[in-house]
Amino acid sequence: MQTLAEGLRLPTNGLDYAILAIYFVVVLGIGFAARASVRTSLDFFLSGRSLPAWVTGLAFVAANLGATEILGMAATGAQYGVAVVHWYWIGAIPAMVFLGLVMMPFYYRSKVRSVPEFLLQRFDKSAHLLSSILFAFAAILIAGVNLYALSIVVEALLGWPQWVAIVVAGLFVLVYITIGGLSSAIYNEVLQFFVILAALIPITVLGLKRVGGWDAMSDSLTKQHGGDFMTAWGGTGIGDANPLGANWLTIILGLGFVLSFGYWTTNFAEVQRALSAKNLSAAKRTPLIAAFPKIFIVFAVMIPGLVAAVIVPQIGTPDSDLTYNDAIPLLMQELLPNGVLGIAVTGLLAAFMAGMAANVSSFNTVFTTDIWQRYVVRDKPDAYYLKFGRLITAIGVLASIGTAFIAASFSNIMSYLQTLFSFFNVPMFVVFIIGMFWKRASMKSGVWGLIAGTGAAMVNYFWIYKGGVIDIPSDQGANFVSAIVGFVAGAVVMVVVTLFTAPKPDAELAGLVYGTESPSPDEALEEADRAWYRKPALLGWGAIVLAALCYVPYSF
């Protein structure tokens, strides 16, 4: 197991602990305040569909600001260099805009409580049950990643053994989610968004100052790793070598299309935030509002990783006791004065709790509504499912504590997360996208597409890559290839199965296939009476333009 490097302890004092204590009191206070609004299972799982767009938008981006964003992306910056920007400008923004403009109308109008429930309406029970099981399993694994990352900071802060830090952190998250449900998680995520920025900005600014600015850092890393380390596209020609171990085709198709769209459009931990919005307009604007800060957050997570690679040139190699995951704690120890250190520690804890809370809250919704209520215990009063939802939340947190130790075995948790996404999110995306745009796709094609996509991605990763059948330079490159293989296999199997099985009757496809939906009178009135700044299309195009402008300095 990879643990925090010996001696990497943060020099905290009473001021830092006071800031941390105030934050925890506020978090629990929000949980108890949200409890008063939880009267039904819909309140617990989807906040009663009552939240404004600005709240759900900030929660949407904060839910992703967990281990993936902080430790994972900083680790990726230290390992692969400037290529980390691909995960944002190619691997996030286009998919977030697509979710808001194209897919949210399908989700919201169908009144589903989860992503797998949409598959039940579009395909059949077998696709629904399999997708529910796959998603619940993936949510627990990903929650474990956030919990492990959280334990790294607690270990650095207090010097606790890692297993103690994992258990204590998990139990704290359990308390505020169980008390207030999704509302507690979302309102805490809004708070956490600002606390996270307050943590990352000082690390970024002071880190650049420590290494002499961008130019000095670039010169140092270019000498260490070659010129391609400080460019996004350098060496990505097919057959060329580069730090990321991927070419432009696998970056665009594997990351930019399959992994990105698979994550942002079908990952219920994110979609759940938009589904809790008060109306369709707010639901569509949720990912678009989130896209704007997402464009710029890359600098606050990439630069610390690059700085860490300058300060400790051997980081992540056998010659150093520091793993790539240690980049952020290292800079906190090296750069931050007391007080600012307390804010940074609080911000990191907030980030990891946001990521874990997002996955646990989506897990309890899917397990309760899609598995337990539909297939195990049916037709019980709503109070029963509300009580069961709280119980399964506790079970989910305990399971996450177990999976946190799996994440601890990876030197770069970002690689681990991308592996999980290629196994679970990509097959679900191919089923969604074909079912949503091809009316002929049959009821049985959904479950077989899921099986084929998941199976093919796993075979590519564990047999072809890990078994050395084909030489793929890096874990990330293998993840991109696995995503493409899973998508193609799922799509081909869905087409073949459709040719031999019956389609769903047209009467049951209204609002589930593109071109068959029609707005309700309330939605039509809402569309007609909307200020320009509330129009999702304009927000979406604005996000695309901003992302395009980012490409001007893309080559650095």
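Numbers for residues simply follow the sequence, beginning at 1.
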**Study point:** Worked verdict on Phe193 versus Val61 for side-chain contact (heavy atoms from CB on, under 4.5 Å)
**Key:** CA-CA 8 Å; Phe193 174 77; Val61 70; 3.6 Å; yes

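- Interatomic distance, Tyr324 OH to Leu330 CG, rounded to the nearest 0.5 Å: 14.0 Å.
- In summary, of the residues considered (Lys284, Arg285, Lys278), a side-chain hydrogen bond (donor to acceptor under 3.5 Å, both in side chains) with Ser281 occurs for Arg285 alone.
- Between Val340 and Pro202, the closest heavy-atom pair is CG1-CB, 3.9 Å.
- With values rounded to the nearest 0.5 angstrom, Ser260 atom OG is found 15.0 Å from Trp89 atom CH2.
- At least one side-chain heavy atom of Leu101 sits under 4.5 Å from a side-chain heavy atom of Leu288.
- Residues Leu275 and Met104 have side chains in contact (heavy-atom distance under 4.5 Å, counting atoms from C-beta outward).
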Point to revise | Tyr88 and Ile93: CA distance, side-chain angles, deciding distance, side-chain contact (heavy atoms from CB on, under 4.5 Å) verdict | key: CA-CA 6 Å; Tyr88 291 77; Ile93 304 302; 5.6 Å; no

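- Between Trp264 and Phe421, the ring centre distance reaches or exceeds 6.0 Å.
- A distance of 14.0 Å separates CZ of Phe261 from CG of Asn425, quoted to the nearest 0.5 Å.
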Exercise answer: donor-acceptor pairs, residues 252-259 side-chain atoms, under 3.5 Å, sequence neighbours excluded:
none

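- Here the straight-line distance linking atom CE of Met230 with atom CD of Gln224 works out to 10.5 Å at 0.5 Å rounding.
- Between the side chain of Ser422 and the backbone N or O of Ala483 there is no donor-acceptor pair closer than 3.5 Å.
- Sequence neighbours left out, not one pair with a member in residues 246-262 passes salt bridge (charged side-chain N to carboxylate O under 4.0 Å, His left out).
- Among all heavy-atom pairs drawn from Thr265 and Phe429, the shortest one is OG1-CD1, 3.4 Å.
- Here NE2 of His86 is found 12.0 Å from OG1 of Thr76. Values are rounded to the nearest 0.5 Å.
- Between Ala457 and Phe423, the shortest heavy-atom contact is O-CE2, 3.6 Å.
- Closest approach of Thr286 and Ala53 over heavy atoms only: OG1-O, 4.4 Å.
- Considering all non-hydrogen atoms of both residues, Gly342 and Asp16 come closest at N-OD1, 2.8 Å.
- In terms of heavy atoms, Phe229 sits closest to Gly77 at CZ-O, 3.8 Å.
- Listed by chain and residue number, Phe98, Phe437, Tyr514 satisfy the side-chain contact (heavy atoms from CB on, under 4.5 Å) test with Val102 (two or more places apart in sequence, or in another chain).
- Checked against side-chain contact (heavy atoms from CB on, under 4.5 Å), Ile343 has the following partners two or more places apart in sequence or in another chain: Ile19, Ala198.
- A donor-acceptor pair under 3.5 Å is absent between the side-chain atoms of Ser218 and the main chain of Trp214, judged by distance alone.
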Pairs of donor and acceptor atoms involving the side chains of residues 291-312, under 3.5 Å and at least two apart or interchain, shall be tabulated with distances.
unit_1: Lys294; atom_1: NZ; unit_2: Asn64; atom_2: OD1; d: 2.6
unit_1: Lys294; atom_1: NZ; unit_2: Glu69; atom_2: OE1; d: 3.1
unit_1: Lys294; atom_1: NZ; unit_2: Glu69; atom_2: OE2; d: 3.0

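- Here Asp219 pairs with nothing under the side-chain contact (heavy atoms from CB on, under 4.5 Å) rule; sequence neighbours left out.
- For the atom pair CE of Met73 and OH of Tyr80, the computed distance is 11.5 Å after rounding to the nearest 0.5 Å.
- For the pair Tyr465 and Thr419, the minimum side-chain heavy-atom distance is 4.5 Å or more.
- Remark: the backbone N or O of Gly396 is paired with a side-chain donor or acceptor of Ser400 at under 3.5 angstrom.
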